[in-house]
Number of protein chains: 2
Amino acid sequence: MRSGQEDRTAAARIRDAAITEFANNGVAGTSIRAIAAAAGVSPGLVIHHFGSKDELRVACDEFVAGIIREVKGGAMASGGAFDVTAAFRTVGEIPAAKYLARTLVDGSPHVTELVDEIVADAMKYVATGVETGMIKPSNHEWERAAILSIWSLGALVLHEHLKRLIGVDITADLSQDPKSATAYMAPALEIYSEGVFTETTVQLMREAFVDSTTTDNLKKEAT
Amino acid sequence: MRSGQEDRTAAARIRDAAITEFANNGVAGTSIRAIAAAAGVSPGLVIHHFGSKDELRVACDEFVAGIIREVKGGAMASGGAFDVTAAFRTVGEIPAAKYLARTLVDGSPHVTELVDEIVADAMKYVATGVETGMIKPSNHEWERAAILSIWSLGALVLHEHLKRLIGVDITADLSQDPKSATAYMAPALEIYSEGVFTETTVQLMREAFVDSTTTDNLKKEAT
DNA sequence: CGTTGTACTGAACGCTCGTTTAGCATATTG
DNA sequence: CAATATGCTAAACGAGCGTTCAGTACAACG
């Protein structure tokens, strides 16, 4: 039932059409009739297979989450991805990234769970990187992993603005032409290597916004 | 018609109610009847004042954009904000941040325009910072400003996940208790000061994802 | 063969949507 | 004072919604 095998049954066509429609217009903005039309079936059949619009949405959530998990696992194994989203930009004909972007905002138990997994993976990736000396240690490992993940996912959600601003579509398939996202990757890597602010500036901001009574500001003591 | 003066006319109540409903449930997920009920008026009056649901949405877009512009201007003037979103987290009783988060994903001409302004402001802020030595120079000033803005806005859009992950609600009013966002600010400032990856790691990633034939990678001795 | 079950359609149901309309108060104006 | 405009409601409209249902085509199985 996953993504391999014979994936052209009517139920699969409905599910794929629903994912595309949901991704483009949101759940509330998509009618069952529109999904049925896109899948080339009658509205009744949608209900027949999935029970209700809400159950269809859940099925889509699970399916997309499943797809992303697969690809994500592969990317983690190969170990080359500092940006999770780079891995699942396009999967087959299904706009998984766009769907995820919508669902991240609308909220859904399955996708929330997926986000937690992504952060956990990032945490694992960062921990390994710190051990092997590829990543600088932090005083707030967990929070840093969460923030880096959120920034990546946030950029994914705002992909249309990013496209408009710097001409890079991060929902597009990167594996074809890895250099196509240069305008995004180059400055991002710059920030990720050297930072942005000078030390004096950061010190000022820390004083303004950071509560130093928590385990903080004590300077690199690797807990 | 802006935000001061006598702001309790029925039209203003409808507009504020609409902003709140749109922010919480999205435009497609909000009915005119729900807005009318929240504002304590009849559905007909909503149309009477705004013409149609779509025109009401435009009015909300413009109003929220106007509010954010005001606050943003003040924050830029005071010069202390590296994170634009910090400025407009809550304005009066209107959930401007949440509304913006929704509209950023749904897409709207007025908010798109606002994003461009935010990036332009960030560009200006960064340029000044580079001159005064508070911010490290970049090979891609414009793209960096865009990406930093998108990351901030993206975190705003995903505020619910951020809240769940690290317990910080970045749509909440920060001016009351500037230290309340420590769990977000501390690691963010860490990244913004020292970066994340060590130089060798970045070099590998640059080779993989960055097209060095563009004005890039040429002058990397400012380490 | 007949029976049974599954995939599927087309029409219809009840409901909610955005919007329209008629009408009623309360100001404003001449 | 009558006349007119404004703010507003209640009721209703047609369209479209999610969903139901009766019925048809067809494959599997005895």
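The structure displayed is predicted, hence computed values, not measured ones. Chain letters run A, B, ... following the sequence lines, proteins first and then strands; every chain starts at 1.
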For this session: Please state whether the rings of B/W151 and A/Y184 are parallel, tilted or perpendicular, taking 30° and 60° as the class boundaries.
Result: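 Because their plane-to-plane angle is over 60°, the rings of B/W151 and A/Y184 count as perpendicular.
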
Exercise. Quick one: are B/Y192 and A/V202 in side-chain contact, heavy atoms under 4.5 Å?
Worked result: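 No, too far: nothing below the 4.5 Å cut-off.
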
Exercise. Is any side-chain heavy atom of A/L162 closer than 4.5 Å to a side-chain heavy atom of A/V168?
Worked result: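 The answer is no; the side chains never approach within 4.5 Å.
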
Could you state the [atom1]-[atom2] distance from [X] to [N], rounded to the nearest angstrom?
{"X": "A/I47", "N": "D/dC17", "atom1": "CD1", "atom2": "P", "value": "13 Å"}
{"X": "B/L45", "N": "C/dG18", "atom1": "CG", "atom2": "C1'", "value": "15 Å"}
{"X": "A/R13", "N": "C/dA7", "atom1": "CZ", "atom2": "P", "value": "13 Å"}
{"X": "A/H49", "N": "C/dA7", "atom1": "NE2", "atom2": "C1'", "value": "6 Å"}
{"X": "A/I14", "N": "D/dT19", "atom1": "CD1", "atom2": "P", "value": "14 Å"}
{"X": "A/F50", "N": "C/dA7", "atom1": "CZ", "atom2": "P", "value": "12 Å"}

Regarding [X] and [Y], does a basic nitrogen lie under 4.0 Å from an acidic carboxylate oxygen?
{"X": "B/K163", "Y": "B/E160", "answer": "no"}
{"X": "B/D16", "Y": "B/R8", "answer": "yes"}
{"X": "A/R102", "Y": "B/D106", "answer": "yes"}

Exercise. What parts of residues 28-36 of chain A reach DNA chain D, counting only heavy atoms under 4.0 Å away?
Worked result: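 Heavy-atom contacts with DNA chain D come from A/T30, A/S31, A/I32, A/R33.
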
Problem set entry | Proximity to the side chain of A/S42 - top-ranked nucleotide from C/dG18, C/dA7, C/dT9 |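 Looking only at side-chain atoms, A/S42 lies closest to C/dT9.
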
Exercise. From the list C/dT9, D/dC8, D/dT19, which nucleotide is the closest neighbour of the side chain of A/V41?
Worked result: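 Looking only at heavy atoms from C-beta outward on A/V41, the closest nucleotide is C/dT9.
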
Problem set entry | Donor-acceptor contact below 3.5 Å, side chain B/E141 vs main chain B/A127 |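 Side chain of B/E141 to backbone of B/A127, a donor-acceptor pair under 3.5 Å: no, none is there.
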
Problem set entry | Five-pair end axes of the helix from C/dC1-D/dG30 to C/dG30-D/dC1 and the angle they enclose, rounded to 10° |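 Computed angle between terminal axes is 10°.
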
Exercise. Can you name the one residue among A/I32, A/I35, A/V58, A/V46 that meets side chain to side chain contact (heavy atoms under 4.5 Å, CB included) with A/K53?
Worked result: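 Testing each of A/I32, A/I35, A/V58, A/V46 against A/K53, the sole residue satisfying side chain to side chain contact (heavy atoms under 4.5 Å, CB included) is A/I32.
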
Exercise. Looking only at heavy atoms, what is the nearest atom pair of A/I19 and A/P95, with distance?
Worked result: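 Scanning both residues, the minimum pair turns out to be CG2-CD, 4.4 Å.
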
For this session: Classify the nucleic acid contact of B/A10 as base, sugar-phosphate or nothing, counting any heavy atom under 4.0 Å across all strands shown.
Result: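 The residue B/A10 makes sugar-phosphate contact but no base contact.
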
Exercise. Does D/dT20 have OP1 or OP2 sitting under 4.0 Å from an N or O in the side chain of A/H48?
Worked result: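 The answer is no; no side-chain N or O of A/H48 sits under 4.0 Å from OP1 or OP2.
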
